[in-house]
Amino acid sequence: MKYLELLAPAGSPEALRAAVQGGADAVYLGIEEMNARRGAKNFSLDQLAQAVEYCHLRGVKVYLTMNTLLNDRELPQALTLGREAQRLGIDAALVQDLGAAKLLRESCPDLPLHASTQMTVCDLAGIQACAQLGLSRVVLARELPREELETLCAQSPLPLEVFVHGALCQCYSGQCAFSAVVGERSGNRGLCAQPCRLPYQQAGQTGYPLSLKDLCLIDQLPQLRDMGIASLKLEGRMKRPEYVYWITKIYADVLREDRAPTQQERQILTDVFSRGFTQDYYLDRPGPQMQGTRPDNPAEPEELFAQARRAYTQEECRQVPVTLAAIAAPERPLTVTAKDADGHQVVAMGSQPEPAQTRATSAAQLEAQLRKTGGTIYTPAAIHVNASPGLSIPLSAINALRREALTALDLARTTPTHWNECPDYTIPHASSLTVDAPRFSAFAHRLDQLSPALLEGCGLVYLPCQEIAAHQDAAAQLVRDWPQVQFAAALPQIVWQREQPQLRAQLEAAKAAGISQALLTHIGQLALVRELELIPRGEHSLGLFNSLSAQVLADMGLRSAAGSIEARLEQLRDLEKPLELELLAYGRLPLMTTQQPLFRDGPALEDRKGEVFPLAEHWGGRTQLYNSHVLWWADRLEELSGTGAAWLRLQFLEESPEDCAKVLRAYQAGEAPPEGFTRGLYRRGVR
């Protein structure tokens with residue numbers, strides 16, 4: 001049977017113990033505030049050191065989650081944490097932020113880095129881009145079906161990790177701004193308020209269209225093993241330790257025994273926590289049948305939780321096989337050697353045995369003493385005794401050497417391997433481009449939104465690649481008629497591997513129409529854009545939140561990048577700008593990209609407060625959810641200009657050509673905002 005790592009959540013020291021005693025091969029955890037589950041108890045640095053020792057002693061790996069977007073002021077803290085993680089022997093750190101990846105790769109070169117699911121990797125090009133960044137594993141998006149996973153496993157240059165149990169987000173991880181915009185609590189910063197779990201009205205019906213059932217792929221483990229998945233991830237750092245124990249134990253037992261779960265095990269998975277279970281993403285059938293909620297104040301399975309607490313607090317369920325050997329010979333020190341399966345070997349030496357005066361100590365007696373490993377984590381896998389006849393060996397002496405050897409083996413197993421350090425590393429700085437007053441750019445979802453009145457005032461225009469391909473002749477005429485305007489094909493946020501030929505064809509159509517630039521939504525799209533010799537620009541979905549990320553994007557050859565819509569103006573102003581900065585100045589902020597075809601059930605969602613959030617069909621039949629209010633900064637353009645931005649984008653969704661031109665004139669004239677506008681997060685920021 002191929003080895004599959006079972007990776008369990010540890011939202012607290014108690015949950016870590018529950019995961020380890022439940023049978024996890026590895027755990028993932030976070031430090032205080034710098035991780036994507038800031039609402040969990042998490043770990044202090046002292047607790048982290050204890051956690052690493054506890055886990056490594058039992059052969060369990062520890063992965064540190066540093067998978068949030070970081071601002072410039074947090075980069076020194078990330079550097080300190082990365083160095084401490086490397087010193088402690090952390091087995092890997094998970095990252096989302098491109099700048100954090102650069103920082104850790106350069107300052108802690110021997111600390112393995114994993115691409116968090118927050119990086120929204122869905123295709124081979126995304127995996128390859130992660131490899132080029134120096135990452136050593138990729139956690140894939142939860143939405144990918146079996147056929148996509150098989151294709152990626154067959155071609156991936158990196159080990160791949162997938163979620164197999166726990167909560168499902170409605171939005172692709174790393175692409176959600178819903179909680180940030182409506183509540184200033186950012187999922188990309190670890191404080192998601194879960195507005196997707198609330199009721200909404202759609203087409204006159206009230207329900208929970210954004211709340212999904214929980215993932216459960218326990219029946220698919222043999223397929224995941226056979227296709228070559230490296231790690232199976234259990235979600236739940238916000239869950240209680242008893243939950244962690246049971247899901248870990250059940251998955252561990254099923255994997256170890258290579259069998260299907262029993263009916264009792266299935267019931268336990270349901271009882272400890274469930275919104276109902278689904279495997280529909282894996283089976284490639286997204287739809288309303290995936291919606292699910294949890295009853296208010298459900299009864300706790302007290303007996304199950306009590307059993308779990310007894311198991312992980314009072315028992316030692318992890319036994320480490322060890323080979324023990326003793327050598328007793330005349331005029332040589334008595335020695336006991338202990339060796340584990342990982343290659344650690346230690347030797348304890350005592351005094352020389354004396355010739356027996358009456359009764360000699362037998363090899364069987366020595367073996368019996370070596371087997372007494374009770375009270376430790378070790379269990380004898382093999383015992384070897386080489387004892388010369390006629391020697392007297394006090395049993396207390398062999399007991400003492402056995403204890404000494406096992407204590408030394410503890411130390412060997414928990415001492416970090418040597419890490420290369422860069423003690424003189426300092427966070428690099430980049431020179432910023434000098435720009436004149438910012439110019440207007442426009443993003444039109446439809447070609448017919450581009451009137452002469454709009455084009456006269458915009459130096460850069462984005463059109464979706466599918467819109468260009470559908471109207472190639474009209475797009476070509478537009479490019480010929482407006483040579484002073486730079487046109488760019490906007491790529492979709494989500495592209496699966498099987499959709500790559502379609503994307504390539506649409507970009508080739510755009511190039512044939514004379515369009516020379518492309519707006520990237522993911523770093524994995526850069527290879528195709530370069531191959532087609534298009535000039536790359538970056539969308540806000542790339543997570544430009546700090547100066548190091550700006551440098552990474554500039555080093556990739558991007559001409560510009562849109563700043564994160566979750567950043568404050570002061571933060572954007574202070575960014576080093578080795579490439580052109582673009583800011584969204586007008587339009588509905590995109591809040592979610594979901595695999596669910598929600599747009600088919602109605603044009604919008606209305607929340608309990610009467611706020612209406614438009615829905616639109618996204619590339620590939622997916623859904624994009626937009627903010628209920630339009631972003632407006634026409635009367636405060638000097639604040640946007642003060643950031644040093646090169647471009648101020650007007651983003652149009654449903655507007656008519658006349659409305660688009662009217663918005664441009666309003667921004668040129670500095671007009672006051674209409675009713676029901678928003679300033680977005682440029683002033684409020686996020687937590």
Side-chain angles (χ1 to χ4, degrees), residues 141-143 145 167-173 175-183 187 192-214 275-276 278 280-281 283-294 443-446 448-449 464 466-467 470 490 492-494 496 499 541 565 586-631 651-657 659-660 674-678 680:
R142 292 170 171 90
E143 290 82 356
L168 283 174
C169 294
Q170 177 66 248
C171 182
Y172 274 85
S173 294
Q175 303 302 318
C176 185
F178 199 3
S179 176
V181 170
V182 301
C192 180
Q194 296 189 315
C196 53
R197 301 298 181 187
L198 298 175
Y200 294 89
Q201 187 177 98
Q202 185 178 18
Q205 300 294 319
T206 299
Y208 293 83
L210 299 182
S211 182
L212 296 180
K213 294 176 181 177
D214 294 335
R275 299 181 180 92
T278 181
D280 285 313
Y281 276 151
L283 299 176
D284 203 3
R285 55 187 192 194
Q289 77 281 357
M290 293 183 65
Q291 296 172 14
T293 59
R294 185 164 165 80
F443 190 121
H445 277 78
R446 303 188 316 275
D448 63 14
Q449 291 174 308
Q466 67 270 27
E467 178 73 1
Q493 276 190 312
I494 305 297
W496 290 357
E499 297 168 329
S541 56
I565 61 176
Y586 167 85
R588 291 187 182 271
L589 297 174
L591 303 185
M592 276 186 159
T593 301
T594 174
Q595 190 63 25
Q596 301 288 336
L598 298 172
F599 63 90
R600 297 177 185 172
D601 299 322
L605 299 181
E606 183 177 343
D607 69 9
R608 298 172 299 174
K609 299 179 180 179
E611 300 287 349
V612 178
F613 300 88
L615 299 171
E617 183 176 4
H618 191 57
W619 197 88
R622 301 174 179 93
T623 300
Q624 193 105 48
L625 181 144
Y626 292 89
N627 194 25
S628 56
H629 298 287
V630 173
L631 184 72
Q651 185 143 319
F652 303 110
L653 179 62
E654 303 164 327
E655 292 87 345
S656 67
D659 288 338
C660 294
E675 292 185 7
F677 75 98
T678 178

Closest non-hydrogen atom pair between Y208 and P199, with its separation | CE2-N, 3.5 Å

Would you name the heavy atoms of P145 and D284 that are closest together and state the gap between them?
-> CB-CB, 3.6 Å

Spacing of [atom1] belonging to [X] relative to [atom2] belonging to [Y], to within rounding of 0.5 Å:
X	Y	atom1	atom2	answer
S173	E143	OG	CD	6.5 Å
S179	M592	OG	CE	9.5 Å
L198	Y200	CG	OH	5.0 Å
L615	L591	CG	CG	10.5 Å
C196	L212	SG	CG	7.5 Å

Exercise answer: donor-acceptor pairs, residues 596-606 side-chain atoms, under 3.5 Å, sequence neighbours excluded:
from, atom 1, to, atom 2, distance (Å)
Q596, OE1, G287, N, 2.9
Q596, NE2, Y281, OH, 3.2

Residues forming a side chain to side chain contact (heavy atoms under 4.5 Å, CB included) with R285, sequence neighbours excluded | D280, L283, Q289

Mark yes or no for whether [X], through its side chain, and [Y], through its backbone, hold a donor-acceptor pair below 3.5 Å.
X	Y	result
T594	Q170	yes
R588	N627	yes
T278	D214	no
E655	Q449	no
R142	Y172	no

Please check if any side-chain donor atom of T593 sits under 3.5 Å from a side-chain acceptor atom of Q175, or the reverse.
-> no

Would K213 and M290 count as a side-chain contact (heavy atoms from CB on, under 4.5 Å) if you check the C-alpha gap in whole Å, the side-chain angles of each, and the deciding distance to 0.1 Å?
-> CA-CA 6 Å; K213 294 176 181 177; M290 293 183 65; 5.6 Å; no

Might you work through the side-chain hydrogen bond (donor to acceptor under 3.5 Å, both in side chains) test for Q651 and Y626, ending with a clear yes or no?
-> CA-CA 12 Å; Q651 185 143 319; Y626 292 89; 5.6 Å; no

Step-by-step side-chain contact (heavy atoms from CB on, under 4.5 Å) determination, T623 to H618 | CA-CA 5 Å; T623 300; H618 191 57; 5.8 Å; no

Please lay out, stage by stage, how H629 and E611 fare under the test side-chain hydrogen bond (donor to acceptor under 3.5 Å, both in side chains).
-> CA-CA 8 Å; H629 298 287; E611 300 287 349; 2.9 Å; yes

Result for side chain to side chain donor-acceptor pair (under 3.5 Å) between S211 and one of Q194, R275, R197 points to R197

Sequence neighbours excluded - salt bridge (Lys or Arg N to Asp or Glu O under 4.0 Å) pairs with any residue from residues 614-628 = E499-R622

D448/R446 ion pair, N-O < 4.0 Å | yes

Mind running side-chain contact (heavy atoms from CB on, under 4.5 Å) on W619 and I494 for me, showing each step along the way?
-> CA-CA 8 Å; W619 197 88; I494 305 297; over 6 Å; no

